[in-house]
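Data first, discussion second: the structure below is written as structure tokens.
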Amino acid sequence: MDLRDHSGLIQCVVDNDVDVRSEYVVRITGVVRARPEGTENEQLSTGAIEIGECEVEVLREAEPPPFPVDARADEVDEGLRLQYRYLDLRRERMQGNLRVRARVNSAVRSAMEDQGFIEVETPMLVPSTPEGAREFLVPSRKEPGACYALPQSPQLFKQLLMVSGVDRYYQIARCLRDEDLRADRQYEFMQLDMEMSFVDQDDVLDAVSAAVLAAAEAATGDRPPPIERITWHEAMERFGVDKPDLRFGMELVELTDVFSATQFKAFADAPSIKAIRVDSDGARVDLATLGRNQLDRLTERAQKLGAKGLVWMKVTADGFDSPVAKFLNESELAAIRDRTGAAPGDLVLIVADEWATTCEVLGQLRNDLGRPPVHDGPYRYVWVVDFPLFVGVDRLTGAPKPGHHPFTMPHPDDLDRLESEPLSVRSRAYDLVLNGWELGSGSIRIHDPALQRRVFAALGVTDEEADRKFGFFLNPFRFGAPPHGGFAFGLDRLVAILSGEENIREVIAFPKTQSGSDPMTNAPRTVEPAQLAELGLRVVPPPN
RNA sequence: GGUCCCGUGGUGAAGUCAGGAGUUCACGCCGGCCUGUCAAGCCGGAGGUCGCGGGUUCAAAUCCCGUCGGGACCGCCA
């Protein structure tokens with residue numbers, strides 16, 4: 001019979017007649033010995049040995065489990081696995097994931113402590129704040145009608161800890177957001193949250209890198225190379241997204257200048273023209289069988305993403321097979337071939353539009369056509385720096401909207417354009433990206449009140465409004481605030497990728513379903529009227 | 001708020017498009033046999049409200065409408 005614990009399986013040889021069935025809890029006393037010749041099992045890590053002369057004591061019988069407690073349960077309906085999560089977690093895959101997670105947490109703590117950070121816990125019952133994600137509310141019993149909120153992140157408190165002179169803070173922090181769930185999003189999730197004083201951007205990036213690299217090494221056994229950096233602008237130019245997946249090529253190719261004098265109307269006035277070359281070998285779709293239908297679907301996809309259209313060109317031995325080839329002259333066609341490096345069998349996709357649209361549409365098509373599953377190696381970490389300070393403008397007020405949050409430090413080289421050309425101003429905000437997944441983001445914060453006023457002014461926020469909305473946060477700075485900055489990254493996402501999982505539920509012991517319920521505990525549940533009454537609450541019947 | 005996919009004995013699947021008796025396969029379960037095997041082998045057996053409700057039809061797992069549950073995605077996640 002097979003004996004299983006968290007570390008694996010071992011075969012036991014039982015000679016006497018005991019009624020032991022699947023999943024019974026037993027105590028076995030015996031002798032570890034080599035297996036007799038010819039009975040070794042190379043499939044099993046313990047396949048060379050066995051426990052012989054076993055005395056078996058049944059500590060607890062077990063009913064047959066509702067699904068096989070082994071790798072076959074990978075195929076079982078996830079709702080059933082979650083209903084019996086305690087059985088699901090007995091399996092090797094889940095035990096492994098829990099242990100990778102524990103090692104990552106431990107490595108992150110050590111790396112932060114080694115760099116002089118101290119862990120400070122921050123409250124779970126916090127005030128509700130107007131900006132950002134929808135919050136979970138906790139009604140107050142002593143003050144009916146008033147609510148606490150559960151923290152979306154410890155943002156407020158960690159910056160106040162800098163005011164408090166903590167200097168280097170970190171926390172493995174639970175964050176809660178009442179937004180719709182996804183494969184990479186749960187209501188509650190864990191972050192490595194950190195903040196440090198008297199530093200610039202490089203210091204923060206170095207400190208976080210040390211923790212991430214230590215975590216990766218703890219999880220996989222391999223220490224990744226130093227994390228490379230690219231600017232947001234370069235990420236958009238080359239990959240068309242702000243979270244580039246560096247594991248594959250298909251980079252965007254600049255063609256704007258090629259068509260400066262073109263006769264082709266769709267290209268003539270376009271501010272930005274770029275292309276991607278879909279390699280006939282590297283693509284995740286079979287280009288050879290790509291018919292007119294699929295090409296039309298690509299065009300629809302591009303239009304849905306905001307492009308006016310999509311030019312496709314199949315590369316043949318003697319030219320291009322494309323509905324627009326006849327509108328382009330020889331030198332234009334030659335430039336397309338040279339710039340993209342197109343070879344027969346490839347597909348070239350061209351978008352001509354505003355710079356941002358051109359980049360974003362091609363970047364999305366690049367991901368659609370070439371991106372491997374997120375957990376496929378190699379692991380490519382990248383810092384994306386110099387994010388724009390503002391992203392777009394508010395439709396109602398016309399004022400710029402903050403790219404990160406309104407306390408983000410503008411890039412010092414761009415300060416003179418804060419009033420004249422706010423949308424061109426870069427910031428000291430940065431993201432950490434792994435295989436095209438955003439792991440986290442952070443920024444250097446504004447600690448100078450004059451500069452904060454300028455940024456609020458650029459955002460169209462008056463002094464009174466700033467004081468009303470953010471005063472509780474900014475007033476403490478009047479008592480002295482050091483230059484500071486920080487970062488937070490999602491541990492669930494990191495652990496999922498490092499465990500080879502494409503869903504963070506697989507690395508969370510007791511996750512929620514996509515609809516936010518827990519099939520094991522039946523949370524959320526309706527509560528007793530008396531509980532509501534104590535909180536001064538009454539449930540309104542749902543509208544029909 | 002929206003789009004798409006899934007729901008068939010305890011588990012996984014086939015059957016659904018093209019309506020005709022709860023049919024099939026594998027695993028598990030129960031009983032027996034065998035056994036130095038290892039997701040063992042042989043024999044026998046039990047087990048189903050085809051998620052739920054309604055409609056169409058002589059007849060519904062199958063078609064239609066609704067609903068519940070699960071999943072992927074868009075919106076959302078400063």
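Computed from heavy atoms alone, side chains included, the values below leave out hydrogens, waters and symmetry copies. In the text below, chain A, chain B and the rest are named by the order of the sequence lines, each starting its count at 1. Just so it is clear, the structure is predicted and the values come from calculations on it, not from any experiment.
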Looking at A:Arg91 and A:Asp70, is there a salt bridge between them, counting it only when a charged N and a carboxylate O are closer than 4.0 Å?
no
Could you check which of B:rC38, B:rG12, B:rG70 has an atom nearest any side-chain atom of A:Ser515?
B:rG70
Is there a Watson-Crick or G-U wobble partner for B:rC38 with both distances under 3.5 Å, and which nucleotide is it?
none
Does A:Asn41 place a side-chain N or O at less than 4.0 Å from the phosphate oxygens OP1/OP2 of B:rG36?
no
Expected list for residues 462-477 of chain A near RNA chain B, using heavy atoms below 4.0 Å, is none
Closest of B:rU11, B:rA72, B:rA39 to the A:Ala71 side chain is B:rA39
Is the closest basic N to carboxylate O distance between A:Arg247 and A:Asp245 below 4.0 Å?
yes
From the list A:Ile446, A:Thr462, A:Val461, side-chain contact (heavy atoms from CB on, under 4.5 Å) partner of A:Phe456 resolves to A:Val461
With a 3.5 Å cut-off and heavy atoms only, can you find an N or O donor on one side and an acceptor on the other between the side chain of A:Asp77 and the base of B:rG7?
no
Considering only heavy atoms and no angle criterion, is a donor-acceptor pair shorter than 3.5 Å present between the side chain of A:Arg21 and the base of B:rC30?
no
Who is the Watson-Crick or G-U wobble partner of B:rG9, with both distances under 3.5 Å?
none
How far, in whole Å, is B:rG10 from B:rG51 if one measures between their P atoms?
13 Å
Only pairs with both distances under 3.5 Å count, Watson-Crick or wobble alike; so what is the partner of B:rG66 in this structure?
B:rC52
Please state the C1' separation for the pair B:rU24 and B:rU8 - nearest whole angstrom.
12 Å
